[in-house]
2 protein chains.
Amino acid sequence: MKNSFSDIYSLLQELAWHFGDHGINGECCEDLSLVEFMALKAAHENDNFSIQDIGNSINFTKSGATRIIDRLETKGYVKRERSLTDGRVCCVPVTDKGAQVISQIIKKNTNYVEELLQDLDPQAIDNIKTAMEILIKSVHRQDIIKSKSQ
Amino acid sequence: MKNSFSDIYSLLQELAWHFGDHGINGECCEDLSLVEFMALKAAHENDNFSIQDIGNSINFTKSGATRIIDRLETKGYVKRERSLTDGRVCCVPVTDKGAQVISQIIKKNTNYVEELLQDLDPQAIDNIKTAMEILIKSVHRQDIIKSKSQ
DNA sequence: ATTTATTGGTTGACGTCTTCAACTATACTT
DNA sequence: AAGTATAGTTGAAGACGTCAACCAATAAAT
């Protein structure tokens, strides 16, 4: 049993490497780094997210977040807009171009996953999906526990 | 079906982020970055691996690999030794201290995974393991296909 | 056997990236 | 109105990875 956990860790580790910043042939996210993609996705999925919110969601300092947003803005993927309700905070709406690049990245990587798994039978694919959903759910639960204990 | 692949990609992405360089509370690998840990592990698992071999195994240039080995050597985790059969190549044996830190990192992260999954019943855990093994196998098969076509 | 080409590794220069600390501007408190 | 707290920006600094030039050692060619 103990052994299972160790196996699972090592599998997770390898997966994380493969699908991380250096993986998928080093071509993670079009002209974005993984970090930038995560930030862009955070901005896209959460309306009225501030720059610090984005930073927190990807474990960066606020100045790190500022820099990431700088790069995304230079590339035309986000805009900076002062919040109407609080003049200090910057909202970071995603531009059309930004939304496009997100869906392009998702599409490309979905295709890669499809290529990877196409020879498996549907049942096996479904098992993989279910297993990973359970895994993610556990991760989220743990996150909540951690954040409460702090 | 198509939809399944997209779900699996998005789950993989999230897992990769969680278990990647910024994940597990940003404390991936004791005093090592994920990259350094991967390099150290490569040196540990493959006897007589050269510096370039290590670089290739983690998608780095040879000069990048030199720098990583520099850092690992400074920390006392590897040594540099000229190969006896070819005076150009450097073998990179892992020191006792290096082996220790590897097993420490594995132990710690295994514990984390255990914490994460302990409430699941054994069957579910086994399903997760099996699913991820299939996934990894698919990744490896794809790697072989890619490397042959080049 | 000597010359030439190739290969493994290192190094300096460079660009990128993230953080820290100091700063500005806006909002909240009393 | 004054003082405090908060969001965001910026300059300086350090860590990292690559490129190109380089050295040393081996392999190939003549």
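Computed from a predicted structure; not experimentally measured. The sequence lines fix the lettering, A, B, ..., with proteins before strands; numbering per chain opens at 1.
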Without decimals, in angstroms, what is the distance between [X] [atom1] and [N] [atom2]?
| X | N | atom1 | atom2 | answer |
| --- | --- | --- | --- | --- |
| B:Glu73 | C:dT11 | CD | C1' | 15 Å |
| B:Asp21 | C:dC17 | CG | C1' | 13 Å |
| B:Leu34 | C:dC17 | CG | C1' | 17 Å |
| B:Arg82 | D:dC23 | CZ | C1' | 10 Å |

Going by the rule side chain to side chain donor-acceptor pair (under 3.5 Å), which residues pair with B:Arg71 if we only count those two or more places apart in sequence or in a different chain? B:Glu36
How long is the straight-line distance from CG of B:Asn48 back to SG of B:Cys91, given to the nearest 0.5 Å? 4.5 Å
Sequence neighbours excluded and cut-off under 3.5 Å, please list the side-chain donor-acceptor pairs for residues 38-46 of chain B, or say none.
| residue | atom | partner | partner atom | Å |
| --- | --- | --- | --- | --- |
| B:Lys41 | NZ | A:Gln13 | OE1 | 3.0 |
| B:Asn46 | ND2 | B:Ala42 | O | 2.8 |

Do we see a donor-acceptor contact under 3.5 Å between the side chains of A:Gln123 and A:Asn127? yes
Holding to side-chain contact (heavy atoms from CB on, under 4.5 Å), I want the full list of residues that pass it with B:Gln104, two or more places apart in sequence or in another chain. B:Glu30
Who pairs with B:Thr66 by side-chain contact (heavy atoms from CB on, under 4.5 Å), at least two apart in sequence or on another chain? B:Ile51, B:Asp70, B:Arg80
Summarise how protein sits on nucleotides 12-21 of chain D as a single string, 5' to 3': B when a protein heavy atom is under 4.0 Å from the base, S for sugar-phosphate-only contact, - for no contact. B---SSBBB-
Within residues 48-55 of chain B, which residues have any heavy atom lying less than 4.0 Å from an atom of DNA chain C? B:Ser50, B:Ile51, B:Gln52
Partner set under ring-ring contact (aromatic ring centres under 6.0 Å, His included) for B:Phe60, not counting sequence neighbours: A:His22
Who passes salt bridge (charged side-chain N to carboxylate O under 4.0 Å, His left out) against B:Asp47, sequence neighbours left out? none
Non-neighbouring partners of B:Lys129 that pass salt bridge (charged side-chain N to carboxylate O under 4.0 Å, His left out), sequence neighbours left out: A:Asp7
Under 3.5 Å, side-chain donor or acceptor atoms of residues 130-138 of chain B against the rest of the protein: list the pairs with distances, not counting sequence neighbours.
| residue | atom | partner | partner atom | Å |
| --- | --- | --- | --- | --- |
| B:Thr130 | OG1 | B:Asp126 | O | 2.9 |
| B:Ser138 | OG | B:Ile134 | O | 3.0 |

Distance-only donor-acceptor hits, side chain of residues 95-103 of chain B, under 3.5 Å, sequence neighbours excluded:
| residue | atom | partner | partner atom | Å |
| --- | --- | --- | --- | --- |
| B:Thr95 | OG1 | B:Gly76 | O | 2.6 |
| B:Thr95 | OG1 | B:Tyr77 | O | 3.3 |
| B:Thr95 | OG1 | B:Lys97 | N | 3.4 |
| B:Thr95 | OG1 | B:Gly98 | N | 3.0 |
| B:Lys97 | NZ | B:Lys75 | O | 3.0 |
| B:Ser103 | OG | B:Gln100 | O | 3.1 |

When you check the phosphate oxygens OP1 and OP2 of C:dG9, does a side-chain N or O of B:Thr66 lie under 4.0 Å from one of them? no
Any B:Arg80 side-chain nitrogen or oxygen under 4.0 Å from OP1 or OP2 of C:dT10: yes
N/O contacts under 3.5 Å, protein versus nucleotides 27-30 of chain C?
| residue | atom | partner | partner atom | Å |
| --- | --- | --- | --- | --- |
| C:dA27 | OP1 | A:Gly87 | N | 2.6 |
| C:dA27 | O4' | A:Arg88 | NE | 3.4 |

